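Count residues from 1 along the sequence. What you are looking at is a predicted structure, and each value in this text was computed from that prediction instead of being measured.
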Amino acid sequence: MLYNKSLVCLGDGDNIGDAIELYLLSGNLDAAKNFSYQVENAITKIAELVEAQMEASLVYVAGDDICFEVSPEKNIRQNLNNYSNLFLQITGKTISFGVGTNSLEALVCLRKAKVSGKGCVVIFGGID
């Protein structure tokens with residue numbers, strides 16, 4: 001762990017697989033390729049921002065997913081909302097985030113964000 005009392009943040013693009021699947025079912029490989037590039041570009045930019053702006057420690061960046069550890073003093077909700085807006089601008093799709101004091105809490109919060117309408121930031125126990 002990077003910090004003594006770090007928070008784990010999990011992000012996952014919303015309905016990304018469905019969008020790619022629709023392009024494939026429509027036989028539109030170029031659109032699938034372009035959309036995939038947009039998603040990769042967005043998640044890469046978010047990864048760069050979490051390291052630069054929040055001094056976070058990346059755990060993984062894969063597909064439309066990101067996981068990182070960060071100090072709770074780093075204005076988590078505001079930053080994640082900003083990253084959500086960036087993801088939406090680049091891809092036209094939303095991203096959901098879950099935050100907790102460990103990976104289990106973060107995953108539970110991510111699932112809650114997904115079933116709460118997506119495009120949400122859910123932080124365990126109201127930690128802000």
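Here L10 contributes atom CG and C109 contributes atom SG; the two are 9.0 Å apart, rounded to the nearest 0.5 Å. The line from CD1 of I46 to CG of N79 is 11.5 Å long, rounded to the nearest 0.5 Å. A distance of 11.0 Å separates SG of C9 from CG of L110, quoted to the nearest 0.5 Å. Taking CG of D30 as the reference point, atom OH of Y23 lies at 11.5 Å (rounded to 0.5 Å). For the atom pair F68 CZ and E55 CD, the distance stands at 13.0 Å (nearest 0.5 Å). Distance check: Q38 CD to N41 CG gives 8.5 Å after rounding to the nearest 0.5 Å.
Counting all heavy atoms, side chain and backbone alike, G119 lies closest to S96 at N-OG, 3.1 Å. Shortest non-hydrogen contact noted between C67 and V8 is SG-CG1, 4.1 Å. The two residues A42 and T91 have their closest heavy-atom pair at CB-CG2, 3.8 Å. Here the closest non-hydrogen pair linking S71 and I76 is O-CD1, 3.7 Å. Contact record, A56 with E51: O-CG, 3.8 Å, taken as the closest heavy-atom pair.
Clustering ILVMFWY residues whenever any of their side-chain heavy atoms sit less than 4.5 angstrom apart, transitively, puts V108 in a cluster other than the one holding I95. Taking hydrophobic clusters as Ile, Leu, Val, Met, Phe, Trp and Tyr residues chained together by side-chain heavy-atom distances below 4.5 Å, M54 shares a cluster with V121. In the hydrophobic clustering of this structure, I90 groups with Y83; members are Ile, Leu, Val, Met, Phe, Trp, Tyr whose side-chain heavy atoms approach within less than 4.5 Å, directly or through other members. At a threshold of 4.5 Å between side-chain heavy atoms, the hydrophobic network of Ile, Leu, Val, Met, Phe, Trp and Tyr places I66 and V99 in one connected group. By the rule that hydrophobic residues join a cluster once side-chain heavy atoms approach within less than 4.5 Å of another member, V61 and L107 end up as members of separate clusters.
Around OH of Y37, the count of heavy atoms belonging to other residues, nucleotides or ligands within 6.0 Å does not exceed 12.
One N or O on the side chain of N81 and one on the backbone of R77 form a donor-acceptor pair closer than 3.5 Å. The main-chain N or O of L7 is never found under 3.5 Å from a side-chain atom of T101 such that the two would form a donor-acceptor pair. Proximity of a side-chain donor or acceptor of S84 to a complementary backbone N or O of L80 within less than 3.5 Å is detected.
Looking at heavy atoms from C-beta onward, L29 lies out of side-chain contact with K33 at the 4.5 angstrom threshold. Contact of the K114 side chain with the D14 side chain is registered, since non-hydrogen atoms from C-beta on lie closer than 4.5 Å. Looking at K93 and F35, their side chains come closer than 4.5 Å, going by heavy atoms from C-beta outward. For the pair L49 and N82, the minimum side-chain heavy-atom distance is 4.5 Å or more. Considering only heavy atoms from C-beta on, V70 stays 4.5 Å or farther from V50 through its side chain.
Each of T94, D12, N15 was scored for a side chain to side chain donor-acceptor pair (under 3.5 Å) with K118, with one residue passing: N15.
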